[in-house]
Number of protein chains: 4
Amino acid sequence: MATRGVNKVILVGNLGNDPEVRYMPNGNAVANLSLATSESWKDQQGQVQERTEWHRLTMYRRLAEIAGEYLKKGSQIYVEGKLQTRKWQDQQGQDRYTTEIIVDQMQMLGGRDGGQGGQGGGYQQRPQGGQQGGGYGGGNQNYGGGNQGGGYQQPPQQQRPQGGQNQQKPPMAEPDFDFDDDIPF
Amino acid sequence: MATRGVNKVILVGNLGNDPEVRYMPNGNAVANLSLATSESWKDQQGQVQERTEWHRLTMYRRLAEIAGEYLKKGSQIYVEGKLQTRKWQDQQGQDRYTTEIIVDQMQMLGGRDGGQGGQGGGYQQRPQGGQQGGGYGGGNQNYGGGNQGGGYQQPPQQQRPQGGQNQQKPPMAEPDFDFDDDIPF
Amino acid sequence: MATRGVNKVILVGNLGNDPEVRYMPNGNAVANLSLATSESWKDQQGQVQERTEWHRLTMYRRLAEIAGEYLKKGSQIYVEGKLQTRKWQDQQGQDRYTTEIIVDQMQMLGGRDGGQGGQGGGYQQRPQGGQQGGGYGGGNQNYGGGNQGGGYQQPPQQQRPQGGQNQQKPPMAEPDFDFDDDIPF
Amino acid sequence: MATRGVNKVILVGNLGNDPEVRYMPNGNAVANLSLATSESWKDQQGQVQERTEWHRLTMYRRLAEIAGEYLKKGSQIYVEGKLQTRKWQDQQGQDRYTTEIIVDQMQMLGGRDGGQGGQGGGYQQRPQGGQQGGGYGGGNQNYGGGNQGGGYQQPPQQQRPQGGQNQQKPPMAEPDFDFDDDIPF
DNA sequence: TTTT
DNA sequence: TTTT
């Protein structure tokens, strides 16, 4: 038993939309974000090609609340987390899979307030790793469950708010993606 | 233009199957691997819970050939790459998405020969970054397009061999996973 | 305030020596390890060149104890941590600096028992992030303060046992590397 | 032979000074940068403590030129590279060691132009990995020898400009650090 | 589908 | 000082 293996994702990009924050029955927050990373290159003909990759991010608890409060469409962030693929059924009852990044570290980028106009506030970050309530800080900080190594992730079963029919939509192929009301993500 | 953002994945885990290697019309190899990372924890009742995550890896060219030659079911490897989500149509013509890790660095782990019995061979690895043919090395080496920072990845369009109907199967969960003859994945 | 920035190191290599484990007055363990990573390349003349890099690792608490129990000279491990440069005075009273990696995640590599013959034992790993005592597991596991994101690191002041004169030895290159009795490193 | 192990550093922080760019006899550029990452936490008494870590970065060639052109004191950047410890002799002829990060990927952060007022320009980034001349792009791009995995690093011997007496100064303990004229780093 |  |  015990963890075996390494599952790590590191992204720097911009949000395609404002974060969507929801709350689980137990009061814990869950946030969904859509992050773009893009790369471009010159093709054989010397033409510049660009490819944007959209990543579906999920944050829980404290991090989800911070996201809801300080991040918005266009925000540039650094995130660190792990890959997780969820299985769900589409309207036809077919199995579908969605891969997302469960974020455990987040850092707002872009100067004083992450370039977003966040207003700042209390302190955070506890190298010890103990749980803590507290107010969340303003822009340009590194959030997570510990010093460079968060980890307050619940087992996935409890984390995931259950929709009535467990029907969900696919990843995030569109920058201007909007979810159905009754489908968390 | 130019690359904007960071899109990085780091995994250590074991292969669930022997790599599948195919060749593109231009002779380039493409490998598909299924990598498991697992974590376990004690739940509220003190029961040990385990969750295994399966990652779909794609390697190209040199790396794909090395994978085919030295890796097999059970092999423990370190990989580094980027996330990429592909869109494809299922048999009903519905859009489906599959997320995979395009690997640009690979390191066989586990002692002498990665614990797998690889047999060794020529040299590799060119910190300069120039292209090179050459034979591929034996076990327990770090493969990639350069020193800790490969990058001989083609733009995705060219990399991906196009099947007649662009219909492909889902990630790595379908029991009856069979490729069309002319479609590697 | 709050953490600002990202400071992350990821290494896979072999130990040059058995870990050195010491205990702080408060009972916390501190381990020092020497990890090698090497790269080789062909020079202009086609000669194979090799360069080995030695990294000084520091682990605290639980991780330090695990290191002392399961790792030894030659062990192949994955570690994740942060860079920290310490200032100290040499015998002439001159300022010296030593950079080390404060490890917060460790994974034994190399098959069944990390190839080292570790014997196994109790469970570990708590995705929730709560503190826990417990016995430490056997070989080939990922250790750290949480799931892929540990973080039980004390603030450095408290972590570092203070010797009378704060005189310490340099990195890991001195042949006659001997610690003062009350100064681990 | 071939690379064995993983040696990776990922940092996000701000420059303590303008980059220092020098040129080697062969015309290649070498840049030295001082990057700060800081973390803070509340101590036992609830007092906020802060610790800033200074990292010495070295960039070569193209990357060094870009740094010289677009980065300055205060610039927020993402870098990826490897750890390298150099041995040198101080004025007393004593062996000294300096650890630095040899950067192979860099990304300017902070909005349009990295918040620094860079002026933009041509395109860059070649997923293929082939060498290329070209002009360097403006702000907020990811530079390196390839797509998320650079690697045009020369063997260290040739990379390092040799000072007359190979005497150098220690790391970078001061934000306002200034080097001696005849000592590159 | 791996591994412990 | 490791490892291949």
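Residue numbers start from 1 in every chain, and the chains themselves are labelled A, B, ... in the order their sequence lines are given, proteins ahead of strands. Note that this is a predicted model, so its numbers are computed, not measured.
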dT3(F) base / Asn14(C) side chain donor-acceptor hit below 3.5 Å: no
No-H, no-angle donor-acceptor pair, Ser75(C) side chain to dT2(F) base, under 3.5 Å: no
Just how far, in rounded Å, is [atom2] of [N] from [atom1] of [X]?
X: Glu50(C); N: dT1(F); atom1: CD; atom2: C1'; value: 14 Å
X: Leu35(B); N: dT3(E); atom1: CG; atom2: P; value: 12 Å
X: Leu71(C); N: dT3(F); atom1: CG; atom2: P; value: 14 Å
X: Leu109(C); N: dT3(E); atom1: CG; atom2: C1'; value: 12 Å
X: Leu11(C); N: dT1(F); atom1: CG; atom2: P; value: 21 Å
X: Gln107(B); N: dT4(F); atom1: CD; atom2: P; value: 12 Å
X: Leu33(B); N: dT1(E); atom1: CG; atom2: P; value: 17 Å
X: Gln76(B); N: dT4(E); atom1: CD; atom2: P; value: 9 Å

Using distance alone, with no hydrogens and no angle criterion, decide if Glu39(C) and Asn7(D) have a side-chain donor and acceptor under 3.5 Å apart. no
What's the closest nucleotide to the side chain of Arg4(D) if the choices are dT1(E), dT4(F), dT1(F)? dT4(F)
Considering only dT3(F), dT1(E), dT1(F), which nucleotide approaches the side chain of Ser38(C) most closely? dT3(F)
Is Trp54(C) stacked on the base of dT2(F), meaning ring centres closer than 5.5 Å and planes within 30 degrees of each other? no
Glu53(B)/Lys82(A) ion pair, N-O < 4.0 Å: no
Is Asp90(B) salt-bridged to Arg96(B), going by a charged N under 4.0 Å from an acidic O? yes
Would you check if Ile77(B) and Leu57(B) make a side-chain contact, meaning some heavy-atom pair closer than 4.5 Å? yes
Looking at every strand, decide which applies to Thr52(C) at a 4.0 Å heavy-atom threshold: base, sugar-phosphate, or nothing. base
If we ignore hydrogens and angles and just use 3.5 Å, is the side chain of Asp18(C) paired with the main-chain N or O of Lys73(C) as donor and acceptor? yes
